[in-house]
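Naming convention: chains lettered A, B, ... in sequence-line order (proteins, then strands); numbering from 1 in each chain.
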Amino acid sequence: MRHHKTRGGVTAPHYKSLTRNKATEVAPIPHELVIPLHMHIGAPAVPLVKKGDAVRTGQLIGESPSLISANVHASVDGVVKAIEKRLVPSGANVESVIIIPDAEQAGAEATKRDPATLSPEEIVAAVRAAGIVGQGGAGFPTHVKLMPPPDAAIDTFIVNGCECEPYLTCDFRSMLEDTDLLLEGIKLIVRAVGAQKAYIGIESDKPEAAAKIREAGAGIVDVVVLPARYPQGAEQNLIRAALGRQVPPGQLPSSVGVLVQNVGTTVAIARACIEARPSIERIMTVSGPAIENPKNVKFRIGTSAKDLIEFCGGLKGTVAKVVHGGPMMGTALFNTNVPMLKTSSGLIALDHSQVFGRGAPEPCIRCGGCVDRCPQGLRPLYLVSYIEKGMFDKAVDEGLMRCIECGACAYGCPGGRPMVQLLRYGKSMANKQRAAK
Amino acid sequence: MSRLVVSPSPHISEGEDISTVMFDVILALVPAMLVSVYVFGLNALFVIAVTAGSAMLFEYVTRRLLRRQTTIKDYSALLTGIILALNLPPSIPWWTAVVGSFVAIVIAKELAGGLGHNIFNPAAVGRAFLHVSWGVAMGAYLVPLWWQKTGSGFFDFAYLKFSEGAASVATLASGAVDSITGATPLQLIKPSLDLQGEASVSALFFGNVGGSLGETSALALLAGGLYLIWRKRIDWRVPAVFIGTVALLSLVLGGNPLYHVLAGGVMLAAFFMLTDYVTAPITPIGRMVFAAGAGVLTVLMRFYGGFPEGVVYAILFMNALVPLIDRYIKNTSFGRVE
């Protein structure tokens with residue numbers, strides 16, 4: 001199926017050859033798991049266990065107190081060592097359940113349900129019970145997305161198989177290795193929201209995935225091949241490119257009748273409905289020039305970045321940065337002793353030349369490259385100029401709040417200007433000023 | 001474990017800086033510079049060197065005096081100097097070229113706020129200033145390969161020939177000075193100058209005509225321009241719309257469109273001056289409006305204005321309108337609702 005015109009973006013070297021053809025490996029259970037009770041958008045989960053309790057794999061250890069929240073489960077069989085605040089990748093200290101795994105792991109009980117027998121309400125309930133949140137990185141509670149308000153009915157479901165960030169290949173591997181579950185998940189989601197049509201957006205650098213799903217998914221989902229440009233996987237871009245629909249500023253995709261889910265989330269939904277398997281593990285890509293053996297790794301939620309890096313042979317060379325997530329929008333870690341979460345899609349170790357290759361920022365030469373690259377149709381150089389001068393209201397009028405912080409502007413800026421940093425600063429100042437009024 | 005760097009996203013970049021961009025443009029001007037040296041002798045190289053060198057010197061000294069960081073390494077002053085040199089006649093006295101550099105760098109660029117802040121194209125300002133201040137020196141043009149007719153040949157210095165007092169443009173243009181001067185293609189077709197003859201289109205294309213250093217070989221400039229478009233350094237819409245407007249309007253007004261596109265400063269302006277990032281609009285549609293306006297003004301000045309060539313003034317006029325263009329033309333594509 002042909003796609004609609006896309007706007008902006010960068011065609012960056014994607015370095016996916018480091019891991020795209022490596023089958024997913026299962027990481028060993030580490031000696032300690034730190035499971036934060038808040039790794040999603042919404043209210044933190046309330047702990048149900050206390051120090052000394054024995055827990056089973058898949059046991060509910062944190063309950064969601066409200067609709068916009070998520071359940072948290074034990075990823076292993078073990079004993080609760082403590083419930084205390086621990087450092088998480090964002091740099092915050094979050095209340096977490098620390099579990100010491102048992103030497104012998106019995107694993108979760110395997111159950112099997114026929115997905116065809118589940119009603120929409122049962123599907124949503126299963127997803128909610130499983131504590132599934134968006135695996136693309138935002139971590140929005142998925143069950144809420146599956147319950148759109150009555151005035152915003154969903155007619156089209158799109159699976160986000162773009163994976164536009166460089167280095168990341170976990171979704172690609174999942175599309176190849178978990179194809180059956182992915183298709184089951186698509187069918188379940190379509191039934192849950194009452195959609196009429198399902199598409200999967202796949203970037204052109206993943207032809208094997210497109211071919212496999214086209215063949216196996218005939219009648220279930222239509223494959224839309226999209227240009228391999230970052231940030232093609234950004235929700236609004238994806239909807240625009242696949243369907244030609246524009247989500248109005250400040251609104252959700254449901255306002256145009258669309259639901260978008262990440263590949264990993266869709267597979268997790270299938271597992272939750274069919275096997276009653278809660279959100280206790282996921283796949284991530286550990287890669288970068290400073291990793292000894294780049295891999296796609298399936299790990300239990302709560303495993304530390306340090307353990308996963310060790311599993312991949314450790315850091316090598318002149319490592320300068322370890323990024324949690326993708327290199328365009330991820331967070332740089334200062335300490336790898338942080339737990340990997342439901343939303344952790346990658347660990348990218350960058351070396352000296354990539355981090356220090358550039359000198360100090362230079363003045364803006366108005367080259368207009370950022371304007372060409374912005375997927376939201378903004379004029380970043382003016383936004384940044386207003387923000388630098390403290391004119392936050394003017395920046396908001398210029399469209400600051402529509403910025404998705406993708407970093408395409410900064411990526412190709414000849415002056416090496418810290419655009420995303422200034423845009424984020426501008427947004428927080430604009431919000432503060434508004435709150436103060 | 002070694003210490004890890006923490007800084008905001010994005011964590012990778014294309015790895016370019018301003019000097020990379022500027023260098024590409026300088027590279028694109030090499031064919032034009034080589035042609036100018038062939039057509040006008042070593043004298044041309046001298047003019048380029050003096051102009052570019054003084055431009056860099058002025059930038060360095062001015063920034064030191066204003067207590068700003070040194071920016072010579074970003075090659076922007078070098079580029080401005082080269083473009084200004086290409087706008088000057090080969091017979092220009094070296095000190096006149098230095099004054100042009102001063103106006104371009106110190107007044108039009110640094111005192112306007114430095115790189116990124118100037119409204120007017122510095123090279124265009126320099127050239128315009130010299131044009132109104134030393135009109136005769138700026139209007140005296142050597143014939144191509146003039147050095148083949150002189151005693152010292154390739155190593156001859158042209159301005160020394162003219163330093164014995166001023167002569168009128170018509171005298172110089174009619175070749176009265178040692179038959180090494182002649183009218184430029186545009187001077188030839190200017191009705192008010194009442195001169196005979198016309199340059200051939202092939203001469204205009206390959207460079208066998210008189211004019212400023214950068215006004216001779218359309219081929220060399222085109223090659224450089226296409227290189228820049230291929231490298232995505234310049235927006236193809238600017239030369240396309242500018243050249244198209246010049247051709248169309250000159251045709252409508254009864255001139256020869258090909259002649260007008262290839263003669264004078266149109267090619268240089270199309271690929272290297274109207275495409276200057278700092279002084280042009282930042283949206284594709286804005287740039288097209290900018291280029292079209294420059295094209296209209298260029299042709300009107302050539303046909304009805306006082307000078308044979310008006311490209312530089314067209315550039316400056318449109319530069320002044322850029323803030324207005326950028327205010328009203330946002331980043332929309334045709335037909336897209338934003």
Counting heavy-atom pairs under 4.5 Å with chain B, which one of G91(A), G326(A), G368(A), C367(A) comes out on top? C367(A)
Considering only heavy atoms, which portion of S7(B) lies under 4.5 Å from any heavy atom of chain A: side chain, backbone, both, or neither? both
Please lay out, stage by stage, how K109(B) and S76(B) fare under the test side chain to side chain donor-acceptor pair (under 3.5 Å). CA-CA 10 Å; K109(B) 187 179 171 195; S76(B) 62; 2.9 Å; yes
Bottom line for V322(A): the part with an atom under 4.5 Å from chain B's heavy atoms is both
Give, as side chain, backbone, both or neither, the part of I365(A) having an atom under 4.5 angstrom from any heavy atom of chain B. both
What part of V5(B) gets within 4.5 angstrom of chain A, counting heavy atoms only: side chain, backbone, both, or neither? both
Separation between CZ (R379(A)) and OG (S385(A)), nearest 0.5 Å, reads 11.0 Å
Among D17(B), T275(B), L115(B), which has the most heavy-atom pairs under 4.5 Å with chain A? D17(B)
Side chain, backbone, both or neither of D235(B) within contact of chain A (heavy atoms, under 4.5 Å): neither
Residue part contacting chain B, namely of P166(A), when any heavy atom lies under 4.5 Å: side chain
Could you tell me which portion of R233(B) (side chain, backbone, both or neither) has an atom closer than 4.5 angstrom to a non-hydrogen atom of chain A? neither
More than 12 non-hydrogen atoms from neighbouring residues, nucleotides or ligands closer than 6.0 Å to CZ on R68(B), yes or no? yes
Pick one of side chain, backbone, both or neither for C364(A), based on which atoms fall under 4.5 Å of a heavy atom in chain B. backbone
Answer yes or no: is there an ion pair linking R366(A) with D326(B), defined by an N-O contact shorter than 4.0 Å? yes
Checking D397(A) against Y386(A) for the side chain to side chain donor-acceptor pair (under 3.5 Å) test, could you report, in this order, the C-alpha distance in whole Å, the side-chain angles of both residues, the deciding distance, and whether it holds? CA-CA 11 Å; D397(A) 288 339; Y386(A) 290 139; over 6 Å; no
Please indicate whether K73(B) has more than 12 foreign heavy atoms, meaning atoms of other residues, nucleotides or ligands, lying under 6.0 Å from its NZ. no
Would you find a donor on one side and an acceptor on the other, under 3.5 Å apart, between the side chain of Q421(A) and the backbone of P8(B)? no
Under a 4.5 Å heavy-atom cutoff, which of P13(A), A410(A), G407(A), G330(A) has the most pairs with chain B? G330(A)
L381(A) versus chain B, the contacting section by heavy-atom distance below 4.5 Å: side chain
Where does C413(A) contact chain B at under 4.5 Å (heavy atoms): side chain, backbone, both or neither? backbone
